[in-house]
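One structure below.
Keep in mind the model is a prediction, meaning the values are calculated, not measured. Below, all heavy atoms of this structure are taken into account, side chains as well, without hydrogens, waters or symmetry copies. Just so it is clear: chains get the letters A, B, ... in the order the sequence lines come, proteins before strands, and each one is counted from 1.
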Number of protein chains: 2
Amino acid sequence: MLNKATVERLIIYNRVIKELKAQGEKWVTSTDIARALSKTPSQVRRDISSLGRKGKRGVGYNIKKLINDLDSVLGLNDEHCVALIGAGNLGRALIGYPGFKREGFICRLIIDNDPEKIGSKISGIKVESSEGLAKKVARKKIAIAVITVPAEAAQKVVDSAVAGGIKELLNFAPVKIYVPEGVNIRYVDLALEMENLAYSLNYRKKNK
Amino acid sequence: MLNKATVERLIIYNRVIKELKAQGEKWVTSTDIARALSKTPSQVRRDISSLGRKGKRGVGYNIKKLINDLDSVLGLNDEHCVALIGAGNLGRALIGYPGFKREGFICRLIIDNDPEKIGSKISGIKVESSEGLAKKVARKKIAIAVITVPAEAAQKVVDSAVAGGIKELLNFAPVKIYVPEGVNIRYVDLALEMENLAYSLNYRKKNK
DNA sequence: CCCTGTGAATATTTTCACAGCT
DNA sequence: AGCTGTGAAAATATTCACAGGG
């Protein structure tokens, strides 16, 4: 298991290299990648060597082979079934996001408890209530749940999703969620991002 | 300047403690906070002591004073003027997000180049084109820009925003943005989040 | 000669462990 | 007795620097 920071960097390397491939490049060096990302070449080499891939000394990495390895390690060769839990503005924005489908994430289930939304369709998928969520998730073999419900509803829907067998979650609700050992939950917290900016703004002001 | 990881934790401590305050608590210990966040008490104490605040040995921290210090260090006592650049689904979701205003972030400028949107109002603010963006930003004394334009437009609007004096940006476009020394840009990258989940899903599958 | 792969060195972050105040 | 504040230790992460293959 690679560490979190390494995986995040590998994902970005993969993007950059795919960009180069699209431009017709065949080889890339650690220095090229590093420059595109404001990292050190040494770190790029360390990260790539953790994949086991061997570059050619004096030349660099073969782009095609490197992308193969990256896609394979990162799990981007298969499609992944996703459930969207919470069909508000944010949820709808995510589903409509072009990178979503392109990278192999297929939304197969949309859940919302607003009676006005239940039964309507979003991007061709019918909105269902959270009644029997665990079963719905299991039946559709959902692998990833994206949580965009209000904070107070989040723990409950996560519990149901986990009961339905989901082990990978992306949570947008600004609240700490407890999951059993072995379940992976990532947080995207917009207020937290904004507050980070407020901190550095404030720091700047105080130390002017 | 506190390090990034410490600031992120302090922001969360602040939330947890405000919650406790709302429940009528007057004192909190490092262990209480740690438990709510799955961190170690030792780390909580280190983080809080980096604020300079002194707790009471044998008792813990006075919640009211601690919140004061946190709000003051984190810059949450003042309001911050925000520009939303890109008024698509995601941008509109952000502006409508309740935590946004509550935490003191006021949207004062909305930019979009879709002719259908220009002149219309979102949350009471008129949508303007990106023409003369630097001046618009400077005139309204915007401190923070939230970038939700498509990837290919992102670098350009960031350049204008920075030319207009903005030093704090939150970027949702899935592309590396170059900013001058001294400008702070944070990334929220939904595809990256999803790909992280794909990695651990894949890892799980391979090592079953 | 150029660039990788990697041991060793360095830097950073987290945790331990305990003295000391209330 | 209980919990903080903090040196010191441990664990992690990053960078240096160079041997060695193409």
Side-chain angles (χ1 to χ4, degrees), chain A residues 1-14 16-17 20-21 25-70 73 192 196 199-200 203, chain B residues 1-14 16-17 20-21 25-70 73 192 196 199-200 203:
Chain A
M1 184 91 173
L2 302 172
N3 79 58
K4 202 173 96 89
T6 302
V7 173
E8 296 198 348
R9 286 191 301 266
L10 289 173
I11 291 170
I12 312 274
Y13 300 167
N14 198 18
V16 168
I17 300 162
L20 290 173
K21 190 186 172 209
E25 296 292 331
K26 298 272 184 284
W27 295 88
V28 65
T29 70
S30 59
T31 311
D32 297 337
I33 299 174
R35 199 166 22 227
L37 291 163
S38 317
K39 305 278 172 191
T40 65
S42 168
Q43 178 155 73
V44 173
R45 291 201 298 279
R46 239 308 156 237
D47 289 338
I48 293 179
S49 79
S50 72
L51 297 179
R53 162 129 311 273
K54 300 292 174 182
K56 273 210 177 108
R57 294 176 176 184
V59 183
Y61 303 92
N62 178 296
I63 286 185
K64 203 167 161 188
K65 286 183 182 167
L66 185 49
I67 291 175
N68 265 350
D69 283 1
L70 283 166
V73 168
L192 185 132
N196 264 282
Y199 167 73
S200 57
Y203 180 84
Chain B
M1 183 95 174
L2 302 172
N3 81 59
K4 201 173 96 89
T6 303
V7 174
E8 296 198 349
R9 286 191 300 266
L10 289 174
I11 291 170
I12 311 274
Y13 300 167
N14 197 18
V16 168
I17 299 163
L20 290 175
K21 190 187 173 208
E25 295 294 329
K26 297 274 185 285
W27 296 88
V28 65
T29 70
S30 58
T31 311
D32 297 336
I33 299 174
R35 197 167 23 228
L37 292 163
S38 316
K39 305 277 172 193
T40 65
S42 169
Q43 178 155 71
V44 172
R45 291 201 299 278
R46 199 68 61 224
D47 289 339
I48 293 178
S49 78
S50 71
L51 297 178
R53 163 128 312 274
K54 302 290 174 182
K56 273 214 178 102
R57 295 177 175 182
V59 182
Y61 303 92
N62 178 296
I63 287 184
K64 203 167 163 187
K65 287 183 181 169
L66 185 49
I67 291 175
N68 266 350
D69 283 2
L70 283 166
V73 169
L192 184 131
N196 264 283
Y199 167 73
S200 59
Y203 179 85

#### Entry: Spacing of B:I12 atom CD1 and A:L192 atom CG [to the nearest 0.5 Å]
4.5 Å
### Candidates C:dT4, C:dG7, C:dA17 - which lies nearest the side chain of A:Y61
C:dT4
### Query
Has B:N3 got a side-chain N or O lying under 4.0 Å from the OP1 or OP2 atom of C:dT12?
no
### Task
State whether the distance check finds a donor on one side and an acceptor on the other, under 3.5 Å, for side chain A:R57 versus base C:dT4.
yes
### Task
Would you kindly give the CG-to-P distance between B:L51 and D:dG5, to the nearest whole Å?
10 Å
### Message
Does A:T29 reach a base, just sugar-phosphate, or nothing at all? Heavy atoms under 4.0 Å.
### Response
sugar-phosphate
### Message
Does B:R46 contact C:dT13 through a side-chain donor or acceptor facing the base, at a distance under 3.5 Å?
### Response
no
### Query
Out of C:dT22, D:dG5, D:dA17, which has the shortest distance to the side chain of B:K56?
C:dT22
### Query
Between B:Y13 (OH) and D:dT4 (P), how many Å, whole number?
12 Å
### Task
Find which nucleotide of DNA chain D each of B:T31 and A:G58 is nearest to by heavy atoms, and output the residue with the more 5' nucleotide.
B:T31
### Task
Take atom CG of A:D47 and atom P of C:dT4, then tell me their distance rounded to the nearest Å.
13 Å
### Query
Rounded to the nearest 0.5 Å, how far apart are CG of B:N62 and CD1 of B:I67?
9.0 Å
### Task
Return the value, rounded to whole Å, for the distance between atom CG of B:L2 and atom C1' of C:dT13.
14 Å
### Message
What's the separation between atom NZ in A:K65 and atom CH2 in A:W27, rounded to the nearest 0.5 Å?
### Response
6.5 Å
### Query
Taking atom C1' of C:dA19 as reference, at what distance in whole Å does atom CZ of B:R45 sit?
13 Å
### Query
Rounded to the nearest Å, what distance is computed from the CG atom of residue A:L66 to the C1' atom of nucleotide C:dC3?
15 Å
### Query
B:S30 near the nucleic acid: base, sugar-phosphate alone, or nothing, with a heavy-atom cut-off under 4.0 Å?
sugar-phosphate
### Nearest-0.5 Å distance that lies between atom CZ in B:R9 and atom NZ in B:K39
6.0 Å
### Task
May I ask you to say what A:T40 touches in the nucleic acid, namely base, sugar-phosphate or nothing, with a heavy-atom cut-off under 4.0 Å?
sugar-phosphate
### Message
Less than 4.0 angstrom between a side-chain N/O of B:R9 and OP1 or OP2 of C:dT14, yes or no?
### Response
yes
### Query
Over how many whole Å does the gap from B:R53 atom CZ to D:dC3 atom P extend?
19 Å
### Distance, nearest 0.5 Å, that separates CD1 of A:I33 from CD1 of A:I17
4.0 Å
### Nearest-nucleotide pick for B:Q43, side chain only, options being D:dT6, D:dT14, C:dT15
C:dT15
### Query
Are B:K54 and D:dT6 close enough that a side-chain N or O sits under 4.0 Å from OP1 or OP2?
yes
### Task
Check the distance between C:dG5's C1' and A:I48's CD1 and give it to me in whole angstrom.
11 Å
